[in-house]
Amino acid sequence: MAAPVDEQDEREFIKQGAEAKVFRETFYGRPCISKERFSKAYRHASLDKTLTFQRLKSEIRAMNKCRLLGIPVPCLFHVNTATSTFYMEEITNSQTVRDYIVNMQKFHPDKAIEKLRPLAKKIGRLLGKMHAGKVIHGDLTTSNMLLRGDPENLDIVMIDFGLSFSEGLPEDKGVDLYVFERALLSTHPNTEELFTEVMESYRQENGEEAQEVIGKLDEVRMRGRKRTMVG
Ligand SMILES: Nc1ncnc2c1ncn2[C@@H]1O[C@H](COP(=O)(O)OP(=O)(O)OP(=O)(O)O)[C@@H](O)[C@H]1O
Ligand SMILES: [Mg+2]
């Protein structure tokens with residue numbers, strides 16, 4: 001079968017994470033991002049293959065599920081299991097939520113929190129919807145959320161679902177939110193109020209289960225704190 005991408009060699013390397021390389025290219029003329037999972041030399045070969053396939057499968061499943069739930073994710077173009085690569089729409093004219101917050105805090109230090117409140121509300125609604133739809137993201141950070149177009153429109157696109165899984169328990173949801181809280185507060189100083197805002201709209205979106213999830217979040221926080229005190 002011919003390669004699905006227009007020019008295999010003309011892909012532009014964007015970044016290498018712990019488990020995957022990300023490239024920009026075109027897919028039948030469309031702006032495309034490809035994500036290729038690579039083997040880890042220290043893992044046993046067959047275990048490595050299984051894990052790599054698992055991650056690929058999780059990422060694709062979660063993206064499809066989010067689409068059905070009405071949570072914006074890049075459109076999936078193609079999957080090549082032989083090379084553990086998938087091809088998706090490039091969200092053009094976008095920036096990461098991380099960059100948006102960093103710049104807001106840099107250029108509007110006094111008004112940043114007020115200006116970011118609507119964004120935090122929107123994130124909370126999306127996470128509530130995702131959890132209500134039984135998707136656990138697994139790596140919630142501000143780099144894994146893209147703001148498409150004019151950031152004031154709050155058109156958030158979720159990415160990077162390689163660690164996701166579905167049918168999660170309240171505990172899993174609590175951990176998911178804890179990961180996000182840590183990521184937010186450690187990347188962006190003085191954003192505690194924003195996390196409170198996230199949780200406020202999460203609660204509204206996720207209905208009955210939210211209270212239980214928040215209870216679990218509190219437990220996970222306590223455990224985290226104990227660990228830092230001991231360790
Ligand atoms: N569909 C997309 N459209 C536009 N940009 C994208 C897209 N997918 C990924 N990116 C960009 O590439 C970066 C890395 O992608 P992704 O988070 O999926 O990979 P990763 O290797 O898991 O990264 P990390 O280690 O930072 O979590 C994103 O933060 C984003 O800037
Ligand atoms: Mg990422």
Side-chain angles (χ1 to χ4, degrees), residues 4-6 10-43 48 51-67 69-81 83-104 119 122-123 126-127 130 135-151 153-165 175-188:
V5 286
D6 297 338
E10 286 192 8
R11 54 186 194 172
E12 174 198 341
F13 174 76
I14 297 187
K15 75 162 286 195
Q16 172 162 349
E19 308 225 329
K21 289 181 190 148
V22 178
F23 301 90
R24 178 182 290 119
E25 53 191 301
T26 54
F27 183 86
Y28 292 107
R30 298 184 191 190
C32 162
I33 295 282
S34 59
K35 193 166 172 181
E36 180 179 341
R37 295 195 174 275
F38 49 82
S39 342
K40 311 276 264 181
Y42 60 82
R43 277 192 209 138
D48 185 75
L51 271 178
T52 305
F53 184 61
Q54 276 302 336
R55 296 273 155 81
L56 182 67
K57 214 162 62 177
S58 312
E59 185 142 24
I60 286 154
R61 276 202 184 138
M63 283 171 78
N64 283 332
K65 207 159 173 199
C66 280
R67 183 160 295 278
L69 293 169
I71 295 159
V73 287
C75 176
L76 190 63
F77 289 157
H78 180 69
V79 185
N80 185 339
T81 50
T83 58
S84 307
T85 305
F86 75 95
Y87 301 81
M88 66 186 138
E89 158 196 17
E90 180 186 5
I91 306 301
T92 53
N93 187 18
S94 69
Q95 59 182 311
T96 61
V97 165
R98 179 193 174 123
D99 289 345
Y100 183 64
I101 298 180
V102 165
N103 285 326
M104 194 61 94
L119 175 68
K122 181 66 188 275
I123 292 173
L126 276 183
L127 299 186
M130 205 168 76
V135 177
I136 312 298
H137 184 283
D139 190 17
L140 287 173
T141 65
T142 51
S143 306
N144 289 337
M145 300 171 185
L146 303 178
L147 267 169
R148 172 165 50 191
D150 179 353
N153 292 341
L154 306 175
D155 183 8
I156 297 173
V157 181
M158 303 289 296
I159 59 166
D160 202 359
F161 287 87
L163 294 175
S164 69
F165 55 100
V175 172
D176 217 21
L177 294 169
Y178 181 67
V179 167
F180 184 59
E181 181 179 32
R182 300 308 311 156
L184 180 74
L185 301 187
S186 61
T187 318
H188 312 286

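Note that ligands are numbered from 1 as they come in the structure, with each ligand's atoms numbered from 1 the same way.
Note that atom 9 (C) of ligand 1 has protein non-hydrogen atoms nearby, at separations under 4.0 angstrom.
When atom types are taken as modelled, the side chain of Arg37 and the backbone of Phe53 share no donor-acceptor pair closer than 3.5 angstrom. Of the possible donor and acceptor atoms, one in the side chain of His137 sits under 3.5 Å from a partner among the backbone N and O of Asp160.
For the atom pair CD of Glu89 and SG of Cys32, the computed distance is 10.0 Å after rounding to the nearest 0.5 Å.
At a 4.0 Å heavy-atom cut-off, ligand 1 touches Leu146 through the side chain alone. Within the 4.0 Å heavy-atom criterion, neither part of Thr92 lies near ligand 1. Of all the heavy atoms of Asn144, the ones lying under 4.0 Å from any atom of ligand 1 belong exclusively to the side chain. With a 4.0 Å heavy-atom cut-off, ligand 1 is reached by the side chain of Ile33 but not by its N, CA, C or O. Contact annotation for Lys35 and ligand 1: only side-chain heavy atoms (C-beta onward) come within less than 4.0 Å of the ligand.
For Lys21 and Phe38, the positive end sits near the middle of the six-membered ring, less than 6.0 Å away and at most 45° from its axis.
For Asp160, the N/O/S atom at the shortest distance from the Mg ion (ligand 2) is named OD2.
For the Mg ion (ligand 2), the set of nearby N, O or S atoms under 2.8 Å includes none belonging to Asp139. Taking 2.8 Å as the threshold, Thr141 does not count as a candidate ligand of the Mg ion (ligand 2), since none of its N, O or S atoms lies below it.
The N/O atoms of Glu89, backbone and side chain alike, include one that comes under 3.5 Å of an N/O atom in ligand 1.
Within the 4.5 Å cutoff, the side chain of Asn144 has no heavy atoms near those of the Met158 side chain. Side-chain atoms of Leu146 and Ile156, non-hydrogen and from C-beta on, never get closer than 4.5 Å to each other.
Taking atom 11 (C) of ligand 1 as the reference point, the nearest protein heavy-atom neighbour is Ile159 CD1, 4.6 Å. Among all protein heavy atoms, the one lying closest to atom 12 (O) of ligand 1 is Val22 CG1, 4.0 Å. Protein heavy atom nearest atom 22 (O) of ligand 1, with residue, atom name and distance: Asp160 OD2, 2.8 Å. Here the protein heavy atom with the shortest distance to atom 4 (C) of ligand 1 is Ile91 N, 3.5 Å. For atom 29 (O) of ligand 1, the nearest protein heavy atom (residue, atom name, distance) is Ser143 O, 3.2 Å. Ranking the protein heavy atoms by distance from atom 25 (O) of ligand 1 puts Lys15 NZ, 3.6 Å first.
Exactly one of Glu59, Glu90, Glu19, Glu25 qualifies for a salt bridge (Lys or Arg N to Asp or Glu O under 4.0 Å) with Lys35. That residue is Glu59.
The aromatic ring centroids of Phe86 and His78 lie 6.0 Å or more from each other.
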